[in-house]
Participant: 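I am attaching a structure below and will ask some questions about it afterwards.
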Amino acid sequence: MIVILDSVGRRQDWVDTTMTGGDAWLSTVPAGGRTPVLARAGQRVHAAPRLGDVIRRRPPGLTASQWNTAARVVLDHVVCADDTGLPQFAVEFREPAPDAAARRVDRIVEAVTASVGLPLLRIGSATLRAVDHGPGIVGYVLDARRYADGAAGSDVPAIGFRDIVGRLPDGRTGAVNDLGALARAEAVEAYVARRLADPILRGLHVRWADGPVEGWSWVEVGPGEFLVERVVLRTYRFSCGVDPARLAEDLAALAVGERLRTLDTETPDVIGRADLLDDIRRLGQRRDELVDGFAYDHLHQV
């Protein structure tokens, strides 16, 4: 089954009858076996199972060598239905630019999960890690998907999960489901404490025509010096419950927040204003490779 979102973020299911997958290919994870790192709304999240523990046997079309490689791959998180123990989807964290060997393994994992119909979310970030950030991010996605499911059952157009307004941790009113909200508040506090040159986290997001989405976030640490984070999301037969491109930008802001917390103990890795502007211009020059073009030509200065 492939899950897509309509224009307001509601989920719509489409069954691909060409898939060879199904419950017969997936191994159940007993509730009393592996301890979940998170349980929420009838689903439990298990950390670090091997792909060979999730899929019963070698899918058709894979050589024995490919299956041996895939079976040893450790999935960062697998979400299972609490009542049946069947895997619902998997989440992987990756470096933003894996080497050739890692890309080969990733392609095998993509082929295996596709053949059995297991949805996959892959998060590419230099800062966000499965152990530290995985449960919170997976929990967010579970909440967003559940909210989108509820909206799909209503005849009244719903406010998107990301756009729900409420009280933020710093007491202000804003989007409570912005994963970067805490980082934005911390940036203001750091500016007041004179540890930043500017209090505002800025960002952008794009959708590449070949599939992935990319989010950027940056903040000015010193005059003309910027701390920049980029996150790439790849979704395979998977709905995030929110616009994945906006999610990528929010995750980039979350990553900036992680680095802001180390300003007093570590020298931040920053880039100059000219380099950041050049990076943004180069991204804009590839607008023909983007879905809906490039909406950030106004960023002639940061």
Side-chain angles (χ1 to χ4, degrees), residues 1-6 9-60 67 70-93 109-123 130-131 133-154 158 160-162 177 179 233-242 244 247:
M1 177 177 291
I2 294 176
V3 183
I4 59 177
L5 291 179
D6 64 15
R10 294 178 294 195
R11 295 176 68 194
Q12 296 179 335
D13 295 341
W14 173 68
V15 178
D16 183 356
T17 57
T18 67
M19 282 188 177
T20 59
D23 293 351
W25 288 100
L26 300 174
S27 297
T28 60
V29 179
R34 183 186 292 267
T35 302
V37 297
L38 179 70
R40 185 170 299 179
Q43 293 172 301
R44 40 191 164 88
V45 183
H46 296 279
R50 293 184 305 119
L51 187 61
D53 295 331
V54 175
I55 299 175
R56 295 179 185 274
R57 59 190 183 277
R58 172 160 58 106
W67 173 237
R72 292 194 299 269
V73 170
V74 174
L75 300 170
D76 291 310
H77 294 91
V78 172
V79 177
C80 298
D82 197 31
D83 54 352
T84 65
L86 283 171
Q88 305 296 297
F89 63 88
V91 179
E92 291 186 316
F93 285 76
V109 171
E110 291 161 21
V112 170
T113 54
S115 69
V116 301
L118 179 65
L120 175 66
L121 170 65
R122 189 170 281 152
I123 301 171
V131 173
H133 310 101
I137 294 171
V138 175
Y140 178 93
V141 170
L142 287 174
D143 289 343
R145 286 162 58 93
R146 188 173 70 230
Y147 181 88
D149 279 340
S154 172
F161 182 77
R162 171 62 173 78
N177 294 319
L179 282 172
L233 291 187
R234 289 178 170 83
T235 57
Y236 303 91
R237 306 160 306 280
F238 181 78
S239 164
C240 296
V242 294
L247 176 58

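The model shown is predicted, which means the values in this text are computed figures rather than measured ones.
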Participant: To the nearest 0.5 Å, how far apart are CG in Leu142 and SG in Cys240?
Facilitator: 11.0 Å

Participant: Can you see which heavy atom on Ala70 is nearest to which on Leu51, and at what distance?
Facilitator: O-CB, 3.3 Å

Participant: Under a plain distance cut-off of 3.5 Å, with no hydrogens placed, do Thr235 and Arg122 share a side-chain donor-acceptor pair?
Facilitator: no

Participant: The criterion is side chain to side chain donor-acceptor pair (under 3.5 Å); which residues satisfy it with Arg57, sequence neighbours excluded?
Facilitator: none

Participant: For Arg234, give me all partners under side chain to side chain donor-acceptor pair (under 3.5 Å), at least two apart in sequence or on another chain.
Facilitator: none

Participant: Taking side chain to side chain contact (heavy atoms under 4.5 Å, CB included) as the criterion, tell me which of Val37, Asp76, Val91 meets it with Val138.
Facilitator: Val91

Participant: List the atom of Ala81, the atom of Arg44, and the distance in Å for their closest heavy-atom pair.
Facilitator: O-NH2, 3.8 Å

Participant: Determine the minimum heavy-atom distance between His77 and Ala130, stating which atoms define it.
Facilitator: CE1-O, 3.3 Å

Participant: Mind listing the closest non-hydrogen atom pair of Gln88 and Pro119 along with its distance?
Facilitator: O-CD, 3.2 Å

Participant: Take Arg40 and Asp143 through the side-chain contact (heavy atoms from CB on, under 4.5 Å) test and state the conclusion after the steps.
Facilitator: CA-CA 9 Å; Arg40 185 170 299 179; Asp143 289 343; 2.8 Å; yes

Participant: Taking the side chain as every heavy atom from C-beta outward, state whether Thr84 and Thr28 have any atom pair closer than 4.5 Å.
Facilitator: no

Participant: Please lay out, stage by stage, how Asp149 and Arg146 fare under the test salt bridge (Lys or Arg N to Asp or Glu O under 4.0 Å).
Facilitator: CA-CA 5 Å; Asp149 279 340; Arg146 188 173 70 230; over 6 Å; no

Participant: CG/Leu38 to NE2/His46 distance, rounded to the nearest 0.5 angstrom?
Facilitator: 10.5 Å

Participant: Listed by chain and number, what are the salt bridge (charged side-chain N to carboxylate O under 4.0 Å, His left out) partners of Arg162, not counting sequence neighbours?
Facilitator: Asp178, Asp250

Participant: Can the ring centres of Tyr140 and Phe161 be said to be less than 6.0 Å apart?
Facilitator: yes

